[in-house]
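Here is the naming used below: chain letters follow the sequence lines, and residue numbers restart at 1 for every chain. Just so you know, these numbers come straight off a predicted model, no measurement behind them.
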Amino acid sequence: MEILVCVKRVPDSAENEIEMNAEGNDIERDDLVFSVNEWDNYAVEEAIQIVDKVGGSVTVVTVGDDESDEVLRREMAMGAAKGILLNDDAFEGSDAKGVATILKGCVAKGNYDLVLTGAQADEGGAAVGGMLAAMLDYPYASLVNKVELGEGKLTVSREIEGGNQEMNSIDLPCVLSIQTGINEPRYVGIRGIRQVSGVEIPELSAADLGVDAATVGEAGVKAKKVDYFVPESGDGAEMLEGSDSEIIAKLIEILKANGGLQ
Amino acid sequence: MAQVFAYLVHNDGVLDDSAMELVVAAKAVGDDVTAIVTGSGIDAVADAAAQIFPKVIKVDDAALAYPNAEVVRKALVTIIPKGSVVLFANNTFAMDCAPGLSIKMDAAYVSDIIGLEADGTTLKTIRQEFGGEVNTHVDVDAADGAVVTLRPGTFAPDESKAAGGSVEAAAAGDMSAKRTFIEIVEPEAGDVDITKADLLVSIGRGIEEEDNIEIAHELAKAMGAGAEVSCSRPIVDAKWLEPSRQVGTSGCTVKPKVYMACGISGSFQHMGGIKGGFVIAINKNENAPIFQVANVGIVADILEFIPELTEALGDL
Ligand SMILES: Cc1cc2nc3c(=O)[nH]c(=O)nc-3n(C[C@H](O)[C@H](O)[C@H](O)COP(=O)(O)OP(=O)(O)OC[C@H]3O[C@@H](n4cnc5c(N)ncnc54)[C@H](O)[C@@H]3O)c2cc1C
């Protein structure tokens with residue numbers, strides 16, 4: 001099975017304290033630490049496990065710039081055979097639809113049976129996979145937390161509300177968005193990354209992909225981010241302050257008052 | 001503004017409460033507001049929708065008995081005129097259906113919004129980023145239509161049920177699909193039932209390592225018989241605790257007397273599983289979004305604070 005996994009370089013939420021910039025219209029981006037989107041590691045792991053079972057190969061692709069190279073190599077160190085970087089000035093500022101349009105160009109240049117994305121990335125839009133599938137006229141399932149292989153089709157479980165699983169049969173080729181917890185993504189060490197450091201990563205532009213520059217990048221954006229702001233905290237929590245022992249004494253009173261301690 | 005449609009979900013013949021919020025959102029967008037319900041044998045659901053919406057379109061077809069996003073999308077593309085604004089409550093169905101619908105309608109798309117106003121053909125929306133640490137204003141050009149998913153709780157629901165709306169039936173059209181629904185598998189029961197606990201010591205990614213989970217168990221033990229350990233999703237994803245201990249939209253819904261969130265940021269999917277009770281948040285980041293919604297907050301490192309609290313309780 002030939003599998004394409006779409007990945008993204010994102011600010012690492014565990015490593016950054018998000019602060020507003022001096023102008024107060026954007027977050028401070030200078031010192032952000034980046035890594036691969038959490039969901040994408042699960043997607044790549046799932047792809048590798050499928051290929052281990054039935055053969056074929058895994059390709060990872062990202063829409064990004066030179067800095068995305070490290071993300072592709074990290075996923076290649078997990079076991080993806082190939083990486084592709086989709087990079088063009090015209091792609092800058094693309095929204096989900098723009099990214100899906102670019103990825104569609106990449107899918108068309110390959111011969112993939114299965115396309116995987118993470119269920120969502122840093123902006124929480126959860127849109128690229130579903131849009132890409134609709135553009136390709138492939139069937140789609142989101143929030144997939146189990147994949148079983150069949151003849152020309154897959155049985156996939158979608159994680160829906162309340163821990164319930166929605167079982168579906170889906171024809172190949174298809175697009176799946178992968179939910180965290182589907183597997184345990186393998187660890188990648190420095191050594192693994194070093195091993196793939198020499199592998200060439202082809203770079204494709206809008207022209208290579210046959211993508212009309214007017215449909216991507218900022219030109220194609222219909223939902224425009226105007227600015228960032230810190231939400232008003234509403235009533236907010238009553239913050240307990242003082243020394244540790246004072247805080248603990250207050251907390252125990254609160255626990256008792258609310259029936260949390262018998 | 002163009003026509004506004006709201007897609008309503010229902011379970012076991014009962015209309016989801018989100019309908020009462022969607023009608024408020026739809027009226028914030030435009031005056032010409034219609035609800036759409038799809039399914040098989042859904043007269044009662046359509047009638048319930050007509051108490052909330054002035055107009056209801058009912059698509060009754062055996063192929064829609066289960067809301068398979070692919071077939072529902074086909075029905076919506078058939079029924080909804082291009083250029084319309086379509087609203088969904090943000091849930092796992094919307095995540096499945098709405099992005100593709102926006103492509104098929106050639107409309108703008110914005111998901112999981114927490115604020116919405118119309119200004120000419122622009123939708124002025126608000127979204128969260130970075131787990132709620134910051135918000136963004138997003139202006140959506142809806143001149144050629146828009147597909148919008150709304151986070152539950154954004155608008156106060158209209159519970160009057162006094163719309164006295166009309167119900168009109170529409171044909172679904174071609175219902176062939178490349179994806180077919182098989183069945184729903186319910187979660188297995190775990191060794192503990194956190195939904196019955198009076199007090200939950202709930203841990204999140206701030207617990208950092210599997211070995212540290214022991215400090216949460218010790219605290220729960222020190223708190224007495226009604227206390228249990230629950231957690232956020234990353235703890236279950238890492239297989240450190242069983243799924244039956246997960247609180248949130250894709251886990252359990254709990255209503256303890258006291259919920260102690262330790263090292264949990266306060267994502268809406270997590271908070272969506274807490275239905276009542278007094279919420280105490282302990283987090284080392286003073287800007288953690290959970291402090292916006294908790295009753296009481298403590299800025300502390302849980303790896304130090306939890307053992308101290310356990311010890312203090314032992315001394316009582
Ligand atoms: C469809 C879908 C369904 C989902 N369903 C659920 C669900 O049911 N339940 C759920 O929980 N999530 C769910 N999620 C995931 C959710 O979006 C969040 O990613 C998740 O809740 C974050 O968990 P967290 O707060 O533990 O981790 P994080 O967001 O990483 O927060 C960790 C917090 O710990 C603090 N911290 C770190 N170290 C310490 C320390 N030593 N002491 C004190 N504080 C510390 C940090 O400041 C931070 O605020 C779902 C996501 C999707 C897409």
Side-chain angles (χ1 to χ4, degrees), chain A residues 13-14 17-18 20 27 96-97 122-127 130-131 133-135 139-143 157-161 163-171 180-181 184 222-231 233-234 236-240 244 247-248 251-252 254-255 258-262, chain B residues 70 91-92 95-96 99-100 102-104 108-112 128-131 133-141 178-187 198-199 205 223-224 226 233 236-237 239 243 249-251 257-258 278 280-281 285 291-292 294-299 308-309 312-313:
Chain A
S13 60
E17 287 221 359
I18 303 300
M20 295 297 295
I27 58 166
K97 187 179 179 186
D122 53 332
E123 293 172 57
M131 289 181 166
M135 288 174 181
Y140 174 63
S142 64
L143 298 165
S157 155
R158 292 185 61 237
E159 183 195 87
I160 58 171
E161 279 74 15
N164 290 312
Q165 314 213 85
E166 180 198 84
M167 307 302 295
N168 294 275
S169 168
I170 190 164
D171 293 352
T180 55
E184 292 179 69
K222 282 186 174 173
K224 255 196 186 60
K225 229 181 262 181
V226 182
D227 63 4
Y228 283 78
F229 63 100
V230 177
S233 52
E238 177 203 335
M239 302 303 287
L240 300 189
D244 281 6
I247 289 178
I248 284 176
L251 180 58
I252 289 174
I254 290 169
L255 286 170
N258 289 284
L261 287 182
Q262 272 89 20
Chain B
E70 186 176 339
N91 51 36
T92 61
M95 292 172 88
D96 217 29
S102 76
I103 297 301
K104 295 298 180 191
Y109 180 72
V110 62
S111 67
D112 195 25
Q128 287 190 339
E129 282 193 24
F130 298 103
E133 284 189 62
V134 286
N135 287 359
T136 59
H137 288 113
V138 178
D139 285 359
V140 182
D141 174 4
K178 291 185 241 179
R179 170 178 145 195
T180 46
F181 168 70
I182 303 171
E183 60 173 340
I184 298 288
V185 179
E186 291 180 6
D198 277 339
L199 193 152
R205 187 135 48 193
M223 285 178 153
R233 178 175 182 119
V236 171
D237 285 344
K239 314 267 189 289
T249 54
S250 59
K257 288 180 183 154
V258 177
F278 193 86
I280 299 167
N285 175 5
F291 290 136
Q292 295 162 27
N295 299 93
V296 160
I298 298 166
V299 178
E308 280 179 42
L309 178 58
L313 288 169

Original post:
Below 4.5 Å, heavy atoms only, C-beta onward: do A:Ile160 and B:Asn91 meet side chain to side chain?
Top reply: no

**OP:** Identify which part of B:Val236 has an atom lying under 4.5 Å from any heavy atom of chain A, answering side chain, backbone, both or neither.
**Re:** neither

Original post:
Name the one of B:Glu70, B:Glu183, B:Arg179 that satisfies side-chain hydrogen bond (donor to acceptor under 3.5 Å, both in side chains) with A:Asn168?
Top reply: B:Arg179

Original post:
Okay, side chain of B:Ser111, backbone of A:Gly125: is any donor-acceptor separation there less than 3.5 Å?
Top reply: yes

Original post:
Of the backbone (N, CA, C, O) and the side chain (C-beta and beyond), which part of B:Ile182 lies under 4.5 Å from a heavy atom of chain A, both, or neither?
Top reply: both

Subject >> With sequence neighbours excluded, residues passing side-chain hydrogen bond (donor to acceptor under 3.5 Å, both in side chains) with B:Lys239 >> reply: none

**OP:** Would you mind checking which part of B:Phe278 comes under 4.5 Å of any heavy atom in chain A, side chain (CB onward), backbone (N, CA, C, O), both or neither?
**Re:** side chain

Subject >> All side chain to side chain contact (heavy atoms under 4.5 Å, CB included) counterparts of B:Val299, not counting sequence neighbours >> reply: A:Met239, B:Glu286, B:Phe291

**OP:** Side chain from CB out, backbone as N, CA, C, O: work out which of these in B:Asn295 comes under 4.5 Å of a heavy atom of chain A, or both, or neither.
**Re:** backbone

Original post:
For the candidates A:Ser157, A:Gly130, A:Gly124, A:Ser142, which exhibits the highest count of non-hydrogen atom pairs separated by less than 4.5 Å from chain B?
Top reply: A:Ser142

**OP:** Could you tell me which portion of A:Glu184 (side chain, backbone, both or neither) has an atom closer than 4.5 angstrom to a non-hydrogen atom of chain B?
**Re:** side chain

Original post:
Side chain, backbone, both or neither: which part of B:Ser102 has a heavy atom under 4.5 Å from chain A?
Top reply: side chain

Original post:
Top residue by heavy-atom pair count (under 4.5 Å) with chain A, among B:Asp237, B:Asn135, B:Leu199?
Top reply: B:Asn135

Original post:
At a heavy-atom separation under 4.5 Å, does A:Ile247 approach chain B through its side chain, its backbone, both, or neither?
Top reply: side chain

Original post:
With chain A, which of B:Leu309, B:Val258, B:Val134 has the greatest number of heavy-atom pairs at distances under 4.5 Å?
Top reply: B:Val134

**OP:** State, to 0.1 Å, how close B:Ala294 and B:Ala281 come at their nearest heavy-atom pair, and which atoms those are.
**Re:** CB-CB, 3.8 Å

Subject >> Contact origin within A:Ala133 toward chain B - heavy atom pairs under 4.5 Å >> reply: neither

Subject >> Toward chain B, the part of A:Ala96 with a non-hydrogen atom under 4.5 Å >> reply: neither

**OP:** Using non-hydrogen atoms and a 4.5 Å limit, figure out which bit of B:Thr92 sits close to chain A: side chain, backbone, both or neither.
**Re:** both

Original post:
So which of B:Val296, B:Val185, B:Asp96 has the biggest tally of heavy-atom pairs under 4.5 Å with chain A?
Top reply: B:Asp96

**OP:** Count the heavy-atom pairs under 4.5 Å between each of A:Lys225, A:Arg158, A:Met135 and chain B, then report the option with the highest count.
**Re:** A:Arg158

Subject >> Under 3.5 Å: donor-acceptor pair, side chain of B:Lys104, backbone of A:Ala134 >> reply: yes

**OP:** With a 4.5 Å cut-off on heavy-atom pairs, point out which of A:Asp122, A:Val230, A:Asp244 contacts chain B the most.
**Re:** A:Asp244

Original post:
Heavy atoms, side chains only, cut-off 4.5 Å: are B:Glu133 and A:Ile27 in contact?
Top reply: no

Original post:
With side chains defined as the heavy atoms from C-beta onward, is the minimum distance between A:Met131 and B:Ile103 less than 4.5 Å?
Top reply: yes

**OP:** Find the distance between NE2 (B:His137) and CG (A:Asp227) and round it off to the nearest 0.5 Å.
**Re:** 5.5 Å

**OP:** May I ask you to name which of B:Val140, B:Asp141, B:Val138, B:Thr180 has the most heavy-atom pairs under 4.5 Å with chain A?
**Re:** B:Thr180

**OP:** Taking the side chain as every heavy atom from C-beta outward, state whether A:Leu240 and A:Ile254 have any atom pair closer than 4.5 Å.
**Re:** yes

